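Below: one structure, written as structure tokens.
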Number of protein chains: 2
Amino acid sequence: MARGGKGPSLTVDVAVISVRDGTLGTLLVRRAAGLAALPGGAVGLDEPLEDAAARALLTEAGLRDVFLEQLYTFGAPGRDPRARVVTVAYYALVDGRRFDAIDRAATPVLTARIEVPWEGEAGGPVRALDEAGARLPLALDHADILGTAVKRIRGKLDYTPIGFQLLPERFTLRQLRQVHETVLGRPLNKDSFRRRMLASGQLERTDERQQGVDHRPAALYRFGRRSAV
Amino acid sequence: MARGGKGPSLTVDVAVISVRDGTLGTLLVRRAAGLAALPGGAVGLDEPLEDAAARALLTEAGLRDVFLEQLYTFGAPGRDPRARVVTVAYYALVDGRRFDAIDRAATPVLTARIEVPWEGEAGGPVRALDEAGARLPLALDHADILGTAVKRIRGKLDYTPIGFQLLPERFTLRQLRQVHETVLGRPLNKDSFRRRMLASGQLERTDERQQGVDHRPAALYRFGRRSAV
DNA sequence: TGAATAGTGTCTATAAGACAATATCCC
DNA sequence: GGGATATTGTCTTATAGACACTATTCA
């Protein structure tokens, strides 16, 4: 961790966000001291920041080709007691079902549930819970980074259709709404959500329908190139 | 510029944004090679990032106590041809009249007009023009940083009253609207802007009125603590 | 047929845009 | 008074929420 330079060291960390069963989830790795941490690592001397984030996702979490966007840079002098480390945080949005496909032997990741103790876009740290509901202590300021990611995504949902990044390629309007509700942490009006999404021109109706449900199957949609205006 | 460490060096840069006479303005400093650059500098080993940005503003531009918020971190390997330098960019919002109060002898800043060659929130680099309207070549990726700042502020205006940071403490609704129009680069509906602002509960009407205009003087408002809900 | 959700249409409440009518100030 | 903008109020239009009704699937 020691470096010869005069300035702070630089790392990247990735807050992986997914939605499963109506709750927010994330991916963590075990670090020393029994703490869980975001996937991340040092930035190579000639490596683009986003490449470093993608590399951490691949080597530490076994994930590739995910939506990845810069979040915020955390640099409080005391955030890492061992040395001055500034980290450029990214967030990734992943279809929750991809968590199941990760080779746990090759990459011993932890899947955790995120509990958001604030409403709206108030912000603040969040809690990570394991499958049994026990609290997972997070390293450094990683609870703040995850909280910042949730806050950012909540804000983006209002004017951007990033919800589909959390779903498989084809999905129903109900699934999309439930993803939005899970991210926002509040119920949405069914009718107006439907109208708004269909009016946005971003959804493309496929001629397939939902399978294996015990009621009228919904039409499957996918996100298409922005169609008009 | 050379460092002994294995990782990138770290700096901060500040995009100072102001509004004067219906145009966007910024503050630049002269650097080698006749280029103009954003105020900025290296981050101290134990210095918080925002402190480094505030320090650069004070020493290079003579500005203190301004609204300052983190913008984005720029770290493309080729952005500085001399060495790998990652910069955490901040943006500052300043009442344009404060540009006139800067001691030009102590801090030889340049005031420039910003020309935005794109609409809405498309994004991309902007141009800096001097008082005579001549183009000021910008160092490194500073045109991108300024562009990112304009884009961010445009987005924030839709749901946050940051406009008042660009005005003196007391202002009229017309001044506030013109600031919004300048930032957004498009006209706003006068009536609905007025209603929206008054309904927001963020404006506090003072018992003073505009002075020295050749028509009915408008009431002066100031921003108050969010009052209700 | 019944349970359950999809999908459509209608009515109402709220916010935005357009515009008319006064109200105040300086000259 | 005339010119200019502020301020208030009304009407119209677009959008969101509420709700009723029909459609479609499986058990």
Side-chain angles (χ1 to χ4, degrees), chain A residues 21-22 120 154-155 157-161 163-164 167-168 170-222 228-229, chain B residues 21-22 120 154-155 157-161 163-164 167-168 170-222 226-229:
Chain A
D21 308 324
R154 283 189 177 178
L157 262 198
D158 291 336
Y159 59 95
T160 310
F164 76 97
L167 286 170
R170 284 140 197 270
F171 50 85
T172 66
L173 282 170
R174 161 183 273 256
Q175 289 175 313
L176 183 61
R177 176 168 53 84
Q178 288 177 334
V179 161
H180 279 234
E181 289 176 336
T182 301
V183 170
L184 294 174
R186 63 183 173 86
L188 293 174
N189 183 284
K190 180 184 183 311
D191 303 301
S192 109
F193 181 83
R194 181 188 193 82
R195 255 189 315 225
R196 211 154 32 88
M197 285 299 144
L198 292 178
S200 77
Q202 312 240 19
L203 292 188
E204 206 171 286
R205 181 169 184 160
T206 71
D207 40 13
E208 289 175 82
R209 322 191 125 257
Q210 206 173 17
Q211 302 273 331
V213 285
D214 66 340
H215 56 267
R216 173 174 175 176
L220 292 178
Y221 290 81
R222 68 169 157 238
V229 180
Chain B
D21 308 323
R154 284 188 177 178
L157 263 198
D158 291 337
Y159 59 96
T160 311
F164 76 98
L167 286 170
R170 284 140 198 271
F171 50 85
T172 66
L173 282 170
R174 164 184 273 256
Q175 288 175 314
L176 184 60
R177 176 168 52 86
Q178 287 177 335
V179 161
H180 279 235
E181 289 176 337
T182 301
V183 170
L184 294 174
R186 63 184 173 86
L188 293 174
N189 183 282
K190 181 184 183 308
D191 303 302
S192 107
F193 181 83
R194 181 188 193 82
R195 255 188 318 225
R196 211 152 32 89
M197 284 300 143
L198 292 179
S200 77
Q202 314 239 19
L203 291 188
E204 205 172 286
R205 183 171 183 159
T206 72
D207 41 12
E208 289 176 82
R209 321 189 126 256
Q210 207 174 15
Q211 302 272 329
V213 285
D214 66 341
H215 56 266
R216 172 174 176 176
L220 291 178
Y221 291 81
R222 72 168 154 239
R226 44 208 84 242
S227 57
V229 181

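Protein chains get the first letters and strands the later ones, always in sequence-line order, with residue 1 at the start of each. This is a predicted model, so every value here is computed, not measured.
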Check your understanding: Does a distance-only test, which skips hydrogens and angles, find a donor-acceptor pair under 3.5 Å between the side chain of B/Arg195 and the base of C/dG17?
Key ->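 Yes, a donor-acceptor pair under 3.5 Å.
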To the nearest Å, give me how far apart [atom1] ([X]) and [atom2] ([N]) are.
X        : N      : atom1 : atom2 : answer
A/Gln175 : C/dT5  : CD    : P     : 14 Å
A/Asp191 : D/dT15 : CG    : C1'   : 13 Å
A/Lys190 : C/dA4  : NZ    : P     : 15 Å
A/Gln210 : C/dA4  : CD    : P     : 16 Å
B/Leu203 : D/dT7  : CG    : P     : 12 Å
A/Arg194 : D/dT15 : CZ    : P     : 18 Å
A/Phe193 : D/dG17 : CZ    : C1'   : 15 Å
B/Arg209 : C/dT24 : CZ    : P     : 8 Å

Practice item. Scan residues 211-218 of chain A against DNA chain D and write down, sorted by residue number, each residue with any heavy atom closer than 4.0 Å; if none is found, say none. Key: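 Contacting residues: A/Val213, A/Asp214, A/His215, A/Arg216, A/Pro217.
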Using 0.5 Å steps for rounding, measure from the [atom1] atom of [X] to the [atom2] atom of [Y].
X        : Y        : atom1 : atom2 : value
A/Leu157 : A/Leu184 : CG    : CG    : 5.0 Å
A/Arg209 : A/Thr172 : CZ    : OG1   : 11.5 Å
A/Arg196 : A/Leu203 : CZ    : CG    : 11.5 Å

Review point. Can A/Glu208 and A/Arg170 be counted as an ion pair, charged N to O under 4.0 angstrom?
Key: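 The answer is yes: the pair qualifies as a salt bridge.
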Practice item. Could you please name the option among D/dG9, C/dA16, D/dA16 that lies closest to any side-chain atom of B/Arg196? Key: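 Closest of the options to the side chain of B/Arg196: C/dA16.
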**Study point:** A/Gln210 and A/His215, any side-chain heavy atoms less than 4.5 Å apart
**Key:**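 Yes, close enough: below the 4.5 Å cut-off.
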Practice item. Test side chain to side chain contact (heavy atoms under 4.5 Å, CB included) on B/Asp207 and B/Leu220 and set out the steps. Key: CA-CA 7 Å; B/Asp207 41 12; B/Leu220 291 178; over 6 Å; no
Check your understanding: Under 4.0 Å between a side-chain N or O of A/Arg174 and OP1 or OP2 of C/dA6?
Key ->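 A/Arg174 to C/dA6 OP1/OP2: side-chain N or O found under 4.0 Å.
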Check your understanding: Between B/His180 and B/Met197, is a side chain to side chain contact (heavy atoms under 4.5 Å, CB included) present by the stated rule, with each step listed?
Key -> CA-CA 12 Å; B/His180 279 235; B/Met197 284 300 143; 3.8 Å; yes
Review point. Contact class for A/Ala219 vs. all strands (heavy atom < 4.0 Å): base, sugar-phosphate, or nothing?
Key: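 Counting heavy atoms under 4.0 Å across all strands, the contact made by A/Ala219 is with sugar-phosphate only.
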